[in-house]
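All values below were derived from every heavy atom in this structure, side-chain atoms included, with hydrogens, water molecules and symmetry-related copies excluded. Order of listing sets the numbers, starting from 1, for every ligand and every atom in it.
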Amino acid sequence: MNKKILSSMVAAAMIASSLTVAPVMADDAAASDLADKTVGVCIYQFADNFMSLYRAELENYLIEQGFSKDNIQIQDGANDQATQTNQIDAFIADGVDVLIINPVTPGSCNVITDKCVEAGIPLVYINREPDEAEEARWDENDWDVTYVGADARQSGTMQGEIIADLGLDAIDFNGNGAVDYIMIEGDPENVDAQYRTEYSIKALEDAGLEVNCIDDQVGMWDQTKGNELVANSLAQYGDDIEVVFCNNDAMALGALQAIQSAGRTVGEDIYLVGVDALSEALEDILAGTMTGTVFNDHFAQAHGAADAAINYLNGEDNDHYIGCDYVKVTGDNVADIQALL
Ligand code: GAL
């Protein structure tokens with residue numbers, strides 16, 4: 001079978017399966033139980049494009065499962081751990097039944113976990129994975145604590161593969177035999193940023209390509225910062241830059257504005273990849289103004305987090321790590337992905 005058709009079929013099947021996660025609730029009795037339960041949700045920062053999609057889906061899905069809207073409290077950590085810790089303390093003081101937390105600083109998870117365990121409140125971490133030592137404690141102590149998320153190594157690898165699949169001849173505009181790239185990173189404390197930065201380039205090397213890093217900057221997942229950094233880099237290094245890797249789509253959208261302002265054309269004299277599959281990025285891929293992205297499945301992640309919370313409320317266990325898959329998105333399958341979102 002044609003490889004392109006196969007990969008878009010696989011992508012469609014993966015998304016279809018993620019969109020049809022079976023509801024945990026079995027009957028009306030379970031629904032009415034959930035209607036009385038309170039859920040505290042802490043998001044690291046509302047002003048984050050991807051987490052806004054995630055948050056909306058999480059709330060909708062919790063309501064679909066039988067929670068009352070009034071019993072779902074969602075707090076904005078405003079990218080400040082002290083603010084978020086106060087919000088968690090307040091949720092604990094209120095005696096919420098379950099907590100879903102997207103930590104500002106994953107390094108603080110040991111303290112957060114201790115508070116929740118002591119209060120007897122089950123805890124589901126999302127999006128920003130705590131470190132191995134922290135996750136090991138949940139297992140060793142058999143605590144009602146889990147993490148739901150995607151493995152960022154996979155997204156980095158997919159970004160690298162999107163570029164590697166173009167072939168060196170298409171990429172090597174300056175003919176030096178190497179892929180000359182700049183990297184725009186998300187929050188460097190976040191494993192998503194660390195892994196995407198590392199594994200995107202590893203995928204190029206694994207494909208036998210020589211790589212040359214021209215610039216590596218931190219854009220903190222933010223579109224405006226992505227724009228400024230790529231504008232500076234293009235002003236400094238100009239035509240030497242052949243590929244712009246961004247750890248997420250928000251920064252890639254900012255990068256695209258900088259690329260266009262510099263008179264460069266994606267697909268003709270430069271390439272650009274992100275992660276998340278924000279709708280604007282998908283439109284750019286369709287128009288050819290972005291090379292590709294990686295779908296960060298906020299449906300599967302939000303549903304997985306809510307289902308894990310419901311299992312704890314029903315007195316059931318969860319695995320201490322619940323993983324979701326990413327999906328590679330290029331011009332070949334972008335229409336399928338748009339149709340599914
Ligand atoms: C990543 C996502 C980014 C940003 C980050 C926040 O998974 O790709 O866009 O939302 O999470 O932790």
Side-chain angles (χ1 to χ4, degrees), residues 18 41-58 74-81 84 100-109 112 124-131 147-160 162 183-200 218-227 229 245-256 272-282 284 290 292-302 304-305 321-329 337 341:
S18 75
V41 180
C42 292
I43 300 296
Y44 95 94
Q45 172 163 240
F46 279 8
D48 176 299
N49 309 41
F50 172 73
M51 286 313 301
S52 299
L53 292 175
Y54 191 130
R55 174 163 51 102
E57 183 58 30
L58 179 61
I74 308 183
Q75 297 285 359
D76 179 5
N79 205 19
D80 180 63
Q81 188 57 58
Q84 185 178 70
I100 298 177
I101 297 183
N102 167 211
V104 176
T105 312
S108 303
C109 288
I112 298 170
V124 179
Y125 284 112
I126 56 169
N127 171 258
R128 296 184 153 190
E129 189 174 355
D131 62 26
Y147 172 74
V148 179
D151 182 343
R153 283 172 284 213
Q154 188 187 36
S155 53
T157 301
M158 288 178 171
Q159 284 189 296
I162 290 169
M183 179 70 67
I184 306 298
E185 299 190 26
D187 183 343
E189 275 199 42
N190 198 186
V191 285
D192 286 11
Q194 295 161 13
Y195 280 152
R196 288 175 193 163
T197 298
E198 181 184 346
Y199 280 78
S200 53
V218 171
M220 297 301 284
W221 305 121
D222 181 72
Q223 179 162 350
T224 308
K225 289 203 181 75
N227 175 263
L229 293 170
F245 282 99
C246 294
N247 283 171
N248 76 345
D249 280 350
M251 298 189 295
L253 292 170
L256 176 57
L272 172 65
V273 280
V275 175
D276 282 339
L278 298 183
S279 56
E280 227 180 314
L282 295 178
D284 282 316
M290 242 176 95
T293 187
V294 178
F295 175 42
N296 194 0
D297 191 341
H298 59 279
F299 294 105
Q301 292 173 63
Y321 178 93
I322 298 170
C324 306
D325 275 313
Y326 286 99
V327 182
K328 201 186 286 185
V329 188
I337 304 287
L341 292 184

Ignoring angles and geometry beyond distance, decide whether [X] reaches within less than 3.5 Å of ligand 1 through its nitrogen or oxygen atoms.
X	result
Arg128	yes
Asn102	no
Asn296	yes
Arg196	yes

So, Glu185 side chain and Gln194 main chain: donor-acceptor pair closer than 3.5 Å or not?
no
Considering non-hydrogen atoms of the protein only, which is the closest contact for [atom], and what is the distance?
atom	answer
atom 5 (C) of ligand 1	Trp221 CE2, 3.6 Å
atom 11 (O) of ligand 1	Asn127 ND2, 3.0 Å
atom 1 (C) of ligand 1	Asp192 OD2, 3.3 Å
atom 10 (O) of ligand 1	Asp48 OD1, 2.8 Å

Per-atom contacts of ligand 1 with Phe50, taking only distances under 4.0 Å to non-hydrogen atoms:
2 (C), 9 (O), 10 (O)
Do [X] and [Y] come within less than 4.5 Å of each other through their side chains, counting heavy atoms only?
X	Y	result
Asp80	Gln45	no
Gln81	Ile112	yes
Thr293	Leu282	yes

Cation over ring face, Arg196 and Phe245, 6.0 Å, 45°:
no
Taking atom types as modelled and ignoring hydrogens, do the side chains of Asp192 and Trp221 form a donor-acceptor contact shorter than 3.5 angstrom?
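Absent: no donor and acceptor within the cut-off.
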Pair Gln301-Asn127, side-chain donor/acceptor within less than 3.5 Å
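No.
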Residue-level breakdown please: for Asn190 versus ligand 1, do any non-hydrogen atoms fall below 4.0 Å on the side chain, on the backbone, on both, or on neither?
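The answer is the side chain of Asn190.
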Look at ligand 1 and say whether Tyr54 reaches it with a heavy atom at a distance under 4.0 Å.
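No.
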Option of least heavy-atom distance to atom 8 (O) of ligand 1 (set: Thr293, Asp276, Asn248, Leu278)
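It is Asp276 that holds the nearest heavy atom.
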Please verify the inter-ring angle class for His298 with Phe50; under 30° counts as parallel, over 60° as perpendicular, anything in between as tilted.
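The rings of His298 and Phe50 stand perpendicular, inter-plane angle above 60°.
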